[in-house]
Amino acid sequence: MKTEQDGARLGVADVVTWDERYALGFDEIDAQHQALFTLINDIWHAQVRGADRATVDALIGRLERYTREHFAAEEALMRSEGCPEIAAHLAEHQQFIHRVALEREHLGERGVVSLDMLHFLRDWLVSHILRADAAYARFLEQGTPRPGFALSRFFTRFLG
């Protein structure tokens, strides 16, 4: 997922980098996770460039919207397939959404995203993918798909 921020990244490392160990083996889900990595890096690079508050706020807003869409699709998939531990998974999603919303509120006071928040975004996403998302991916791989079930069609309804 290329964004307008890509040209500004020269010389500054990303705060989080996609690695194949994060791949769950489902192209649609992996692409969505990669998009989340990009959005987090866009926020980081905006901070490094000294972008104005409106730009950073818009980026956090994009992260909030995309995350909510991704989580809704992921949660619907988990429900439809009867994934275990869904309540704990949803609670993690809510924790993330709450933390991002709080940071957006504080942005008005500080004018910048805290380094603590950037570390939270990076650490939470990586940990969540490797632990919670990997668990439901294993469950999906072990199960017998319903007749006519296609993951790409499922996600297209939500993010298409």
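Keep in mind that the numbers below use all heavy atoms, side chains included, and drop hydrogens, waters and symmetry copies.
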Nearest-0.5 Å distance that lies between atom CZ in Arg138 and atom CG in Leu24:
9.5 Å
Does the side chain of Asp14 come within less than 4.5 Å of His45's, by heavy atoms?
yes
Atom pair CE (Met117) and CG (Leu107), whose distance is rounded to the nearest 0.5 Å
10.5 Å
Where is the tightest heavy-atom contact between Val56 and Ala46, given as atom of each residue plus distance?
CG2-CB, 4.2 Å
Nearest heavy atoms of Phe139 and Cys83, plus distance in Å:
CD2-SG, 3.4 Å
Once you round to the nearest 0.5 Å, how far does CG of Asp27 lie from CD of Gln34?
9.5 Å
Which value, rounded to the nearest 0.5 Å, describes the distance between Glu75 atom CD and Ile86 atom CD1?
7.0 Å
Quick check: is Val112 connected to Val12 through a chain of hydrophobic side chains (ILVMFWY, heavy atoms under 4.5 Å apart)?
no
Connected via hydrophobic side-chain network under 4.5 Å: Leu102 and Ile60
no
What distance do Leu63 atom CG and Leu36 atom CG have between them, rounded to the nearest 0.5 Å?
6.5 Å
May I ask you to test the Arg62-Arg65 pair for a side-chain heavy-atom distance under 4.5 Å?
yes
Go through Leu90 and Arg79 one step at a time and tell me if the side chain to side chain contact (heavy atoms under 4.5 Å, CB included) criterion holds.
CA-CA 11 Å; Leu90 272 62; Arg79 279 188 196 95; 3.2 Å; yes
Begin with the C-alpha distance, continue with both residues' side-chain angles, and end with the deciding distance and a verdict on side-chain hydrogen bond (donor to acceptor under 3.5 Å, both in side chains) for Gln94 and His98.
CA-CA 6 Å; Gln94 288 305 312; His98 178 72; over 6 Å; no
Would you check if there is a donor-acceptor pair between the side chains of Asp52 and Thr55 at a distance under 3.5 Å?
yes
So Leu77 and Tyr136, side chain to side chain contact (heavy atoms under 4.5 Å, CB included) or not? Walk me through it.
CA-CA 10 Å; Leu77 172 64; Tyr136 85 71; 4.3 Å; yes
Has Asn41 got a side-chain atom pairing as donor or acceptor with Val16's backbone, closer than 3.5 angstrom?
yes
Would you please classify the geometry between the Phe37 ring and the Tyr22 ring as parallel, tilted or perpendicular, with 30° and 60° separating the classes?
tilted
Are the side chains of Ile40 and Val15 in touch, meaning some heavy atoms are under 4.5 Å apart?
yes
Among residues two or more places apart or on two chains, list those pairs meeting salt bridge (charged side-chain N to carboxylate O under 4.0 Å, His left out) that have a residue in residues 15-25.
Asp19-Arg21
Are Gln32 and Tyr66 close enough that some pair of their side-chain heavy atoms sits under 4.5 Å apart?
yes
Which pairs with one or both residues in residues 113-123 pass side chain to side chain donor-acceptor pair (under 3.5 Å), sequence neighbours excluded?
Arg99-Asp116
Do the non-hydrogen side-chain atoms of Glu103 and Val113 ever get within less than 4.5 Å of each other?
yes
Please tabulate, one pair per line, all N/O donor-acceptor pairs under 3.5 Å involving side-chain atoms of residues 124-133, not counting sequence neighbours.
{"from": "Trp124", "atom 1": "NE1", "to": "Gln95", "atom 2": "OE1", "distance (Å)": "3.3"}
{"from": "His128", "atom 1": "ND1", "to": "Glu92", "atom 2": "OE1", "distance (Å)": "2.7"}
{"from": "His128", "atom 1": "NE2", "to": "His89", "atom 2": "NE2", "distance (Å)": "3.2"}
{"from": "His128", "atom 1": "NE2", "to": "His93", "atom 2": "NE2", "distance (Å)": "3.2"}
{"from": "His128", "atom 1": "NE2", "to": "Asp133", "atom 2": "OD1", "distance (Å)": "3.1"}
{"from": "Arg131", "atom 1": "NH1", "to": "Glu92", "atom 2": "OE2", "distance (Å)": "2.9"}
{"from": "Arg131", "atom 1": "NH2", "to": "Glu92", "atom 2": "OE1", "distance (Å)": "2.9"}
{"from": "Arg131", "atom 1": "NH2", "to": "Glu92", "atom 2": "OE2", "distance (Å)": "3.3"}
{"from": "Asp133", "atom 1": "OD1", "to": "His89", "atom 2": "NE2", "distance (Å)": "3.0"}
{"from": "Asp133", "atom 1": "OD2", "to": "His33", "atom 2": "NE2", "distance (Å)": "3.0"}

Side-chain heavy-atom pair Met78, Leu140 within 4.5 angstrom cut-off
no
